Amino acid sequence: MPKVDIRGRDFLRLSDFSAEEINSIIDLASEMKKEQRSWSLAGKTVIMLFFNSSLRTRTSFEIGTYQLGAHPVVLNVGQDSWDLEWKEGIVMNGDRPEHIKDAAKVLSRYGDVIAVRSFPKMQSYEEDRADPILSAFSRYSSTPLINLESAVEHPCQGLADLMTLREVFNGVTRRKKVVLTWAPHIKPLPLAVPHSFLMAAAMGGCNVVVAHPPKMDLEPELVEQAKQVARQAGGKVEVTHDQAAAFDGAEVIYAKSWLSREFYGRPKDEMAYRATLPSWTVTEEKMAATSRAKFMHCLPVRRNVVVDDSVLDGEDCVVYQQAENRLHAQKALLVKLLSE
Ligand code: CP
């Protein structure tokens with residue numbers, strides 16, 4: 001039996017797990033990356049449903065499943081499968097011919113795990129915050145459910161991010177100054193990645209600084225939770241609107257654009273507000289004020305909007321290492337959830 005046992009659980013949010021449990025997944029991922037031991041999930045089936053596009057999540061999960069000897073089934077919802085309804089009690093006379101209630105119950109009888117990507121609709125914050133698609137799968141699936149990025153979190157990205165931090169700091173992440181900086185983009189983007197990174201870095205006991213312009217706050221409940229988790233792990237979380245102060249002495253810069261909850265569902269108003277801001281793009285000049293910080297981003301990234309080419313193509317950029325770690329971290333997660 002694994003030392004830290006998470007078999008059979010849903011993996012929806014990092015905060016559903018203790019720092020010890022998350023770190024135990026990464027311990028195994030690091031072992032797998034060094035190929036110290038081979039693991040087999042032969043005979044298992046992993047069903048993945050994508051409501052939205054993906055490059056890394058889809059390929060790393062599909063290849064990881066194959067490498068473990070299990071069988072991946074990938075469905076692009078609405079293209080390879082029926083489009084799925086999630087509202088309870090709805091009269092289904094619209095465009096969506098099948099309800100998640102039925103799909104989840106059926107797929108649970110075929111697969112050993114179901115994994116779902118479903119981005120927010122970005123119209124109502126309260127609706128998105130309830131993660132309606134993922135919640136419906138969670139309610140009706142009888143197999144473990146993995147969140148492949150939802151409205152609220154991207155926990156698999158968070159696993160890979162913490163694994164990368166551990167590698168960058170040779171295993172000692174405690175009290176390292178790690179900055180999560182908001183960055184510009186051509187449109188408002190979901191909060192899932194910054195939420196999961198914040199929680200991952202907090203679980204690593206980092207001294208996390210979240211830097212963003214006014215009106216761009218992350219979910220306050222999650223920030224409070226991250227503060228507690230960081231304290232327990234020996235670190236802290238601070239929030240600032242001063243990007244230059246945040247970069248001063250930073251050891252990791254994690255750039256990500258995210259939307260404003262104040263302008264939720266009003267992208268034109270949000271973009272008009274953003275046009276009034278000074279530049280938050282990560283540049284070589286800004287990186288020069290850090291303590292030779294490593295640069296992280298979940299990808300995909302808009303070059304010369306979020307971050308300059310010279311940073312992304314520079315030797316302190318670890319985004320490809322970070323992307324590779326998706327593969328190892330998710331394989332470890334599957335083994336932890338499904339091993340007998
Ligand atoms: N980082 C990430 O989840 O990438 P994809 O959207 O390409 O899967």
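Just so it is clear, the structure is predicted and the values come from calculations on it, not from any experiment. Both ligands and their constituent atoms are indexed starting at 1 by order of listing.
Between Lys215 and Glu262 there is a salt bridge, with a side-chain nitrogen of the basic residue lying less than 4.0 Å from a carboxylate oxygen of the acidic one. A salt bridge is absent between Arg261 and Asp128; no separation between the charged side-chain nitrogens and carboxylate oxygens falls under 4.0 Å.
Below 30°, between 30° and 60°, or above 60°: for His297 and Tyr254 the angle between ring planes is below 30°, a parallel geometry.
For Asp242, the CG atom is densely surrounded, since the number of other residues' heavy atoms within 6.0 Å is greater than 12. When the shell of 6.0 Å around CD of Glu31 is examined, it contains more than 12 heavy atoms from other residues, nucleotides or ligands.
Separation of the Phe51 and Phe119 ring centroids does not fall under the 6.0 Å cut-off.
For ligand 1, the 4.0 Å heavy-atom shell contains residues Ser54, Leu55, Arg56, Thr57, Arg117, His154, Gln157, Cys298, Leu299, Arg326.
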